[in-house]
Amino acid sequence: MIYNFSAGPAMLPAPVLKKAQTELLDWQGLGISVMEISHRDPIYVQMTEQAEQDLRDLMKIPDNYSVLFMHGGGRGQFSAVPLNIAGPQDTVDYLNSGIWSQFAIREAKKYVAHVNEVAHVTEGPSGKMIPSVDSWSLSENATYLHYCPNETVDGIALHTVPEVDVPVVADMSSVILAEPIDVSKFGIIYAGAQKNIGPSGLSVVIVRNDLLERTAQNSVCTVMNYQVQAAEKSMYNTPNTFAWYLAAEVFKWLKAEGGVEAMAEVNRRKAKLLYECVDNSSFYRNTIAQENRSMMNIPFQLANPDLDAEFLRRAKSEGLLSLKGHRFVGGMRASMYNAMPFEGAQALVDFMTRFENEYA
Ligand SMILES: *Cc1c(COP(=O)(O)O)cnc(C)c1O
């Protein structure tokens with residue numbers, strides 16, 4: 001059995017891949033693949049409408065939000081957000097909770113004059129932490145507040161939505177569909193698809209309709225223009241038709257598995273198991289404060305980094321793949337998105353325990 005802990009592009013549900021395989025040469029009885037028909041063909045359009053409806057059902061997206069399936073992954077949205085909803089002289093607030101936040105900040109600075117960092121990660125009594133919202137230096141006149149609820153590289157998460165008076169924009173690339181959220185608390189939610197939705201390149205954007213109007217005053221590259229893409233049902237230009245199809249299949253799979261609530265329950269159990277293994281050992285460690293620990297991406301370090309290579313080699317030989325931490329952080333990282341079954345976390349913890357007993 002292979003368990004793939006890659007941070008992204010990441011593991012996809014096996015039943016979805018099997019279905020895609022059986023349908024590859026003959027989609028819906030057409031005798032050709034889904035990649036070979038027009039995106040304007042009614043049979044394809046019907047699939048995209050079902051995908052949107054399924055995502056709306058899964059996330060309980062209110063009617064006053066548009067759902068866009070766009071190009072350019074997560075980073076595409078780092079530019080699209082400021083370009084669509086802020087003016088060049090505006091002030092925008094960003095929480096800096098880790099590496100992806102920093103990339104988003106850097107990009108926003110290209111388009112908006114005043115990018116204010118409201119807070120950053122600090123060293124707390126029990127590890128790295130995000131300061132509480134009441135201590136943030138929020139601007140008086142910000143156009144929006146941007147944050148990344150789950151920092152994929154750092155393994156740092158903010159588990160409550162900041163209560164502020166301006167639209168909240170969230171980069172949910174690595175946490176969308178992992179647990180129930182209240183969409184109405186957000187102005188924009190976006191996510192690159194390759195962690196919890198489908199193949200890379202696609203991004204899902206959920207935008208409150210009143211924000212679409214701001215786009216009209218801004219000059220935005222048309223493929224990235226929210227208002228145009230909403231009006232064109234994400235088909236202003238040819239979408240990534242295969243990625244969209246696969247995302248649609250993942251949404252169907254999620255519904256059949258009991259939806260986001262059922263996923264959250266398993267996700268919590270997987271994370272708890274791994275954090276307990278790390279916390280109950282002096283051989284492994286995680287340096288993030290309890291309240292800001294990610295449920296999806298769990299970095300951990302071996303007390304003796306000389307054993308890293310051996311750890312990775314042995315893990316791989318047991319079918320536990322892609323555990324190497326991000327090059328910025330080092331150590332190990334286990335990413336466990338929805339497609340990772342509980343048994344995967346169990347197999348990892350069993351291996352870690354055996355490895356520790358052998359080398360401690
Ligand atoms: C992976 C990731 C991105 C980048 O996505 P791309 O599709 O590579 O642009 C952005 N934000 C977060 C939080 C991510 O995890």
Side-chain angles (χ1 to χ4, degrees), residues 4-12 68-84 94-111 115 117 120-121 128 130 144-159 161-162 168-179 181 186 188-207 221 223-224 234 239-240 242-244 246-247 250 267 271 288 292-299 322 324-329 333-340:
N4 173 11
F5 294 90
S6 173
M11 187 169 177
L12 286 163
L68 312 177
F69 290 82
M70 295 180 72
H71 299 274
R75 282 188 193 240
Q77 295 306 315
F78 292 174
S79 335
V81 166
L83 282 169
N84 275 281
Y94 276 71
L95 170 67
N96 175 359
S97 53
I99 282 166
W100 286 114
S101 296
Q102 287 153 25
F103 283 131
I105 290 168
R106 202 187 295 169
E107 196 63 21
K109 284 182 174 166
K110 292 188 185 170
Y111 310 110
V115 178
E117 206 176 290
H120 56 80
V121 172
K128 293 195 198 88
I130 300 173
Y144 61 80
L145 168 73
H146 179 283
Y147 83 117
C148 179
N150 186 75
E151 286 281 358
T152 321
V153 172
D154 313 72
I156 292 179
L158 186 60
H159 293 290
V161 184
V168 175
V169 178
D171 174 3
M172 293 206 184
S173 294
S174 51
V175 73
I176 192 165
L177 294 165
E179 61 189 339
I181 56 158
F186 298 88
I188 297 174
I189 291 168
Y190 66 86
Q194 69 272 32
K195 279 105 190 196
N196 227 0
I197 294 177
S200 59
L202 181 75
S203 52
V204 170
V205 183
I206 301 163
V207 50
C221 152
V223 288
M224 284 294 180
S234 307
N240 182 338
F242 186 75
W244 203 342
L246 217 68
V250 169
N267 288 335
I288 297 157
N292 290 125
R293 282 178 165 184
S294 165
M295 178 172 69
M296 297 274 98
N297 312 94
I298 305 182
S322 305
K324 195 173 177 9
H326 191 278
R327 62 189 191 281
F328 291 176
V329 181
R333 173 178 49 168
S335 297
M336 300 190 288
Y337 303 115
N338 289 342
M340 176 64 70

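This structure is a prediction, so every number in the text was calculated from the model and none was measured. Counting starts at 1 for both ligands and their atoms, following the listed order.
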Spacing of His326 atom NE2 and Asn297 atom CG [to the nearest 0.5 Å]: 11.0 Å
Atom indices of ligand 1 within 4.0 angstrom of Thr152 heavy atoms, with elements: 12 (C), 13 (C), 14 (C), 15 (O)
Under-4.0 Å heavy-atom contact with ligand 1, by part of Cys148 that carries it: side chain
Nearest-contact summary for atom 9 (O) of ligand 1 - protein heavy atom, Å: Arg75 N, 2.8 Å
Proximal ligand 1 atoms for Phe78, defined as those under 4.0 Å from one of its heavy atoms: 10 (C), 11 (N)
Element-labelled atoms of ligand 1 that are located less than 4.0 Å from some non-hydrogen atom of Gln194: 5 (O), 6 (P), 7 (O), 8 (O)
Flag, side chain of Tyr337 to backbone of Ala7, donor-acceptor distance under 3.5 Å: yes
Donor + acceptor pair across side chains of Ser322, Ser6 (<3.5 Å): no
Region of Phe103 engaging ligand 1 - heavy atom pairs below 4.0 Å: neither
Which residue and heavy atom of the protein sit nearest atom 11 (N) of ligand 1, plus the separation: Asp171 OD2, 2.6 Å
From CD (Glu107) to OH (Tyr94), nearest 0.5 Å: 9.0 Å
Partners passing side chain to side chain donor-acceptor pair (under 3.5 Å) against Lys128 (at least two apart in sequence or in another chain): Thr287
Those atoms of ligand 1 less than 4.0 Å from some heavy atom in Gly73: 7 (O), 9 (O)
Asp171-Gln77 side chain donor-acceptor pair, cut-off 3.5 Å: no
Straight-line distance of Asn338 CG to Met11 CE, nearest 0.5 Å: 11.0 Å
Any N or O of Gly74 closer than 3.5 Å to N or O of ligand 1: yes
Distance-only N or O hit between ligand 1 and Asn150, under 3.5 Å: no
Option set Lys195, Met296, Glu151, criterion heavy-atom distance to atom 3 (C) of ligand 1, minimum: Lys195
Straight-line distance of Ile130 CD1 to Leu95 CG, nearest 0.5 Å: 5.5 Å
